[in-house]
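Take a look at the structure set out below.
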Amino acid sequence: MGDMVKQPGRLRPAPENFLSEEQVKAVGSGRRDFLRKSFLAAGAALAAPMAARAASEGDINILENPAWTTSLGMPVATNPYGMPSKFESQLLRRESPGLARVGGASVSFAPLQGLFGIITPSGLHFERHHQGWHDIDPSKHRLMVNGSDDSLLKKAKVYTLDELMRLPSVSRIHFIECGANTGLEWGNVAVPTVQYTHGMVSCSEFTGVPLKVLLEDCGVDYKKARYVLAEGADGSSMTRTIPMEMVESGEVFVAYGQNGEMLRPENGYPLRLVVPGVQGVSWVKWLRRIEVGDKPYATKDEAVHYIDLLPNGQHRQYSSIQEAKSVITTPSGGQTLLDKGFFNVSGLAWSGRGRIKQVDVSFDGGINWKTARIEGPVQNKALTRFNVDWVWDGSPAILQSRAIDETGFVQPTYGQLRKVRGTKSIYHNNAIQSWKVIESGEVSNVQVL
Amino acid sequence: MFRFSKTILVFALFSASTAAFAIDKYQGVGRQATPAEVKAWDIDVRPDFKGLPKGSGNVERGNELFEEKCASCHGSFGESNEVFTPLAGGTTKDDIKAGNVKGLSSGELPQRTTFTKVATISTVFDYIQRAMPWTAPKSLKADEVYAILAYLLNLQEIVPADFVLSDKNIADVQKLLPNRNGMTTDHGMWPGAPAKKGGIGNGGKPDTANKACMKNCKPEVLIGSTLPDYARTAHGELRDQNRSFGPVRGTQTLGPEAAKKAADAGTLDLATKSGCMACHGMKSKIVGPGYSEVVARYQGQTDAESRLIAKVKAGGQGVWGSIPMPPNGHLKDEDITTLVKWILSGSK
């Protein structure tokens with residue numbers, strides 16, 4: 001069995017279950033030798049009951065058929081709404097301790113370290129609520145469209161879900177990123193894993209009706225009405241000003257669908273606004289009202305929060321578009337590589353200004369770069385998955401990724417970003433993320449200037 | 001065909017009078033909102049005070065209301081950091097004169113409060129009216145909002161103690177806001193025309209211009225900061241936040257004694273999900289008592305656990321004051337038991 005384990009280029013099976021607590025500690029502290037030896041011992045112990053088989057014959061998981069191969073499985077509809085495997089219980093939305101004081105005005109981060117492709121499973125979509133979430137009865141939900149002034153809109157109207165769902169629909173894949181994503185890291189490294197550095201981004205296929213269709217149905221006057229106020233039906237009645245340019249282009253839509261089913265309650269069931277490329281707070285959840293206006297609104301979440309503090313003491317207001325950004329998710333902070341050898345380094349890139357054109361990856365902290373493969377579809381204002389080959393020789397490395405979008409904009413370094421925006425901003429941190437790998441295989445969060 | 005010509009004619013006239021598109025195009029979809037409906041929902045107040053309701057309120061009344069409805073979370077003087085960042089404090093007489101809060105650039109400000117940032121008084125009025133008190137939003141009358149805002153402005157030394165704020169003088173108060181000149185829209189993160197051409201941004205010009213250099217891009221790697229030790233463990237056991245198979249494992253960050261801590265954190269999650277944390281702090285009162293206050297009160301009482309389980313389930317009032325705790329019958333019995341045990345064991 002020893003030979004099998006040592007086969008070059010092969011990753012060992014999960015060792016944790018075989019190890020005592022002491023041994024696990026030793027592994028955790030970086031003594032990877034230990035891991036090799038104890039795996040041999042554990043392998044021997046496991047093989048013992050199967051005395052009939054010589055260990056050298058091969059992998060017991062192959063030589064002995066397991067229970068699932070030799071018995072009857074579960075019938076259909078055992079789980080009428082299917083759930084992930086019980087072995088997937090580690091990947092959950094999580095809060096960052098100390099970030100917010102009450103759960104109703106807090107954030108839970110998506111576990112990017114374990115996700116694949118570009119679609120975020122709806123149940124793992126990040127959450128940000130300002131006054132808790134509700135599960136709203138769709139038969140009682142209404143959408144009102146009105147004008148700040150009668151001259152901006154011919155007719156204020158009310159729509160029910162029954163009616164909205166009769167209208168011509170669009171389905172589009174878009175990322176949504178909280179303006180404060182990576183905000184904990186403006187000053188210095190603060191959190192250990194990609195879940196907490198970048199987990200306020202998610203990506204779904206949304207289905208709904210272009211807002212333009214509704215505004216035109218109400219007789220909007222685009223010449224005068226240059227701003228849209230979107231308002232939620234929750235306690236906070238979240239309000240944000242949306243640029244009419246984005247509505248006129250047909251991009252902004254009123255969504256009820258998410259990844260093939262209705263929106264999840266935490267994501268705004270039964271109706272939310274989708275504002276592609278713009279920070280999440282503008283994608284008003286539980287959307288109940290749209291007002292068209294001739295001036296912006298300076299609501300609390302665009303006049304006290306989601307404003308960017310500059311070094312000169314001024315705050316930037318109405319900063320909305322999320323600029324190009326990327327992050328490597330495998331391997332990433334808080335993970336440990338099990339072995340030297342080949343790895344498929346993989347990550348996500350996105351831009352609020354359009355499609356991702358190219359992603360480059362560096363293994364030496366940004367001295368040399370290599371263009372990554374784009375793994376799947378490249379959509380407008382959507383997460384884009386990239387990957388690149390890496391053979392780890394066991395020596396220290398610093399991994400980075402750098403996104404370039406279709407406007408030619410290249411994701412900035414921390415040094416470049418801080419030169420303009422200082423270190424106090426909280427919002428719109430799209431700097432290049434670095435992960436340091438040390439000899440033990442442990443990956444951790446560092447900032448390269 | 002002839003039968004339809006009348007409709008077509010009407011339609012043609014109609015579309016000539018509106019722009020290129022037709023209103024009411026989707027038969028059977030949507031109806032006109034009644035004036036009462038629009039009035040009920042259209043409560044937003046803009047910086048130019050469009051939407052501001054008529055009314056007034058004085059500082060003294062505001063003080064009473066604040067004590068009754070707001071102080072439990074924000075502190076009597078809007079100073080509390082317990083539930084949210086402080087509302088009041090951090091500005092000076094000079095800031096009021098200049099319209100710029102100096103502490104924002106000098107770095108002297110320990111923490112930004114609402115009034116160190118806000119440049120438009122309408123924002124605060126609008127927000128209190130729509131969203132506060134946090135657990136009973138939209139319960140305040142317009143006069144009450146004016147009174148509370150007058151109190152907050154007095155705390156900030158913007159208006160005197162005998163001030164009456166109203167729809168008539170709120171525009172004058174706007175001219176005294178300490179950070180009224182503190183906002184800029186000169187950035188590339190808003191679409192459309194730049195400010196000089198009638199928009200509000202810079203026309204989409206980004207701040208940075210990194211180059212896609214590929215080889216020998218810099219002489220050395222400058223590390224700005226690394227993960228501090230406390231931050232490595234502050235997010236619990238990272239091994240358990242990753243799959244147990246695949247190319248990598250989560251790094252083990254906690255020793256065995258941390259198991260209890262992790263379990264506590266699990267119960268805190270449960271308490272948060274169950275809504276308890278909206279009303280209870282770990283240490284201090286929010287709406288109901290802080291958990292350590294509960295521990296102190298019931299120390300040594302052997303039947304405390306069963307009594308409190310029954311109380312949490314059924315709700316009730318009178319032990320800590322006149323505000324009732326709503327019933328929690330929708331929760332599973334075992335979860336209520338876990339929560340009460342956790343509270344009594346010195347929840348963390």
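Letters go in sequence order (proteins before strands), and every chain restarts at 1. Heavy atoms only: backbone and side chains are in, while hydrogens, waters and symmetry mates are out.
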Is [X] in contact with chain B via its backbone, its side chain, both, or neither, using a 4.5 Å heavy-atom distance?
X        : value
A:Glu245 : side chain
A:Leu229 : side chain
A:Phe409 : side chain
A:Glu323 : side chain
A:Ile398 : side chain
A:Thr371 : both
A:Ser96  : both
A:Tyr227 : side chain
A:Asn188 : both
A:Gln195 : side chain
A:Leu91  : side chain
A:Lys223 : neither
A:Arg226 : neither
A:Val420 : side chain

Any [X] side-chain heavy atom under 4.5 Å of [Y] side chain:
X        : Y        : value
B:Trp41  : A:Asn146 : no
A:Gln113 : B:Val248 : no
B:Asp186 : A:Gln314 : no
A:Asp364 : B:Val221 : no
A:Val189 : B:Thr226 : no
B:Asp126 : A:Lys300 : no
B:Thr85  : A:Arg101 : yes
A:Lys436 : B:Ile223 : no

Over all atoms of both residues, closest heavy-atom pair of [X] and [Y]:
X        : Y        : answer
A:Gly219 : B:Ile23  : CA-CG2, 3.0 Å
A:Ala190 : B:Leu227 : C-CD1, 4.2 Å
A:Gly366 : B:Cys217 : O-CB, 3.7 Å
A:Gly235 : B:Pro137 : O-CB, 3.4 Å
B:Asn242 : A:Gln90  : O-CG, 3.2 Å
B:Pro47  : A:Pro296 : CD-O, 3.8 Å

Engaged part of [X] at the chain A interface, taking heavy atoms whose separation is under 4.5 Å:
X        : value
B:Glu37  : both
B:Gln129 : neither
B:Thr184 : both
B:Lys50  : side chain

Top residue by heavy-atom pair count (under 4.5 Å) with chain A, among [options]?
options                                : value
B:Val124, B:Val118, B:Ile286, B:Asp269 : B:Val118
B:Ala231, B:Ala234, B:Cys213           : B:Cys213
B:Thr233, B:Ile200, B:Thr272           : B:Ile200
B:Thr135, B:Asn181, B:Asn216, B:Thr185 : B:Asn216
B:His235, B:Lys211, B:Arg31            : B:His235
B:Ala278, B:Pro206, B:Gly199           : B:Pro206

So how far is it from [X] [atom1] to [Y] [atom2], rounded to the nearest 0.5 Å?
X        : Y        : atom1 : atom2 : answer
A:Glu442 : B:Arg232 : CD    : CZ    : 4.0 Å
B:Asp42  : A:Met144 : CG    : CE    : 8.0 Å
B:Arg243 : A:Phe87  : CZ    : CZ    : 13.0 Å
B:Gln252 : A:Thr336 : CD    : OG1   : 10.0 Å
A:Thr239 : B:Tyr127 : OG1   : OH    : 9.5 Å
B:Arg112 : A:Leu309 : CZ    : CG    : 4.5 Å

Please answer whether the main-chain N or O of [Y] pairs with a side-chain N or O of [X] as donor and acceptor at a distance below 3.5 Å.
X        : Y        : value
A:Gln131 : B:Ala131 : yes
A:Asn368 : B:Lys215 : no
A:Arg402 : B:Asn210 : no
A:Lys419 : B:Thr208 : no

Is A:Arg316 salt-bridged to B:Asp207, going by a charged N under 4.0 Å from an acidic O?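 A salt bridge links A:Arg316 with B:Asp207.
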Do the charged groups of B:Arg130 and A:Glu231 touch, with an N to O distance under 4.0 Å?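 A:Glu231 and B:Arg130: salt-bridged.
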Check the pair B:Phe84, A:His305 against ring-ring contact (aromatic ring centres under 6.0 Å, His included), reporting the backbone distance first and the verdict last. CA-CA 12 Å; B:Phe84 199 63; A:His305 301 280; 5.6 Å; yes
Looking at chain B, which one of A:Met244, A:Lys370, A:Arg353, A:Glu302 has the largest number of heavy-atom pairs inside 4.5 Å, strictly under?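 Of A:Met244, A:Lys370, A:Arg353, A:Glu302, A:Arg353 has the most heavy-atom pairs under 4.5 Å with chain B.
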Counting heavy-atom pairs under 4.5 Å to chain B, which of A:Gln447, A:His315, A:Lys155 comes out on top?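 Top option by heavy-atom pairs under 4.5 Å: A:His315.
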Worked check of side-chain contact (heavy atoms from CB on, under 4.5 Å) between A:Val102 and B:Trp134: CA-CA 11 Å; A:Val102 280; B:Trp134 202 48; 3.6 Å; yes
B:Arg46 and side-chain contact (heavy atoms from CB on, under 4.5 Å): which single residue from A:Thr299, A:Thr241, A:Asp294 fits?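 Running side-chain contact (heavy atoms from CB on, under 4.5 Å) over A:Thr299, A:Thr241, A:Asp294 with B:Arg46 returns exactly one hit, A:Asp294.
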Step-by-step side-chain contact (heavy atoms from CB on, under 4.5 Å) determination, A:Asp308 to B:His187: CA-CA 10 Å; A:Asp308 316 41; B:His187 56 74; over 6 Å; no
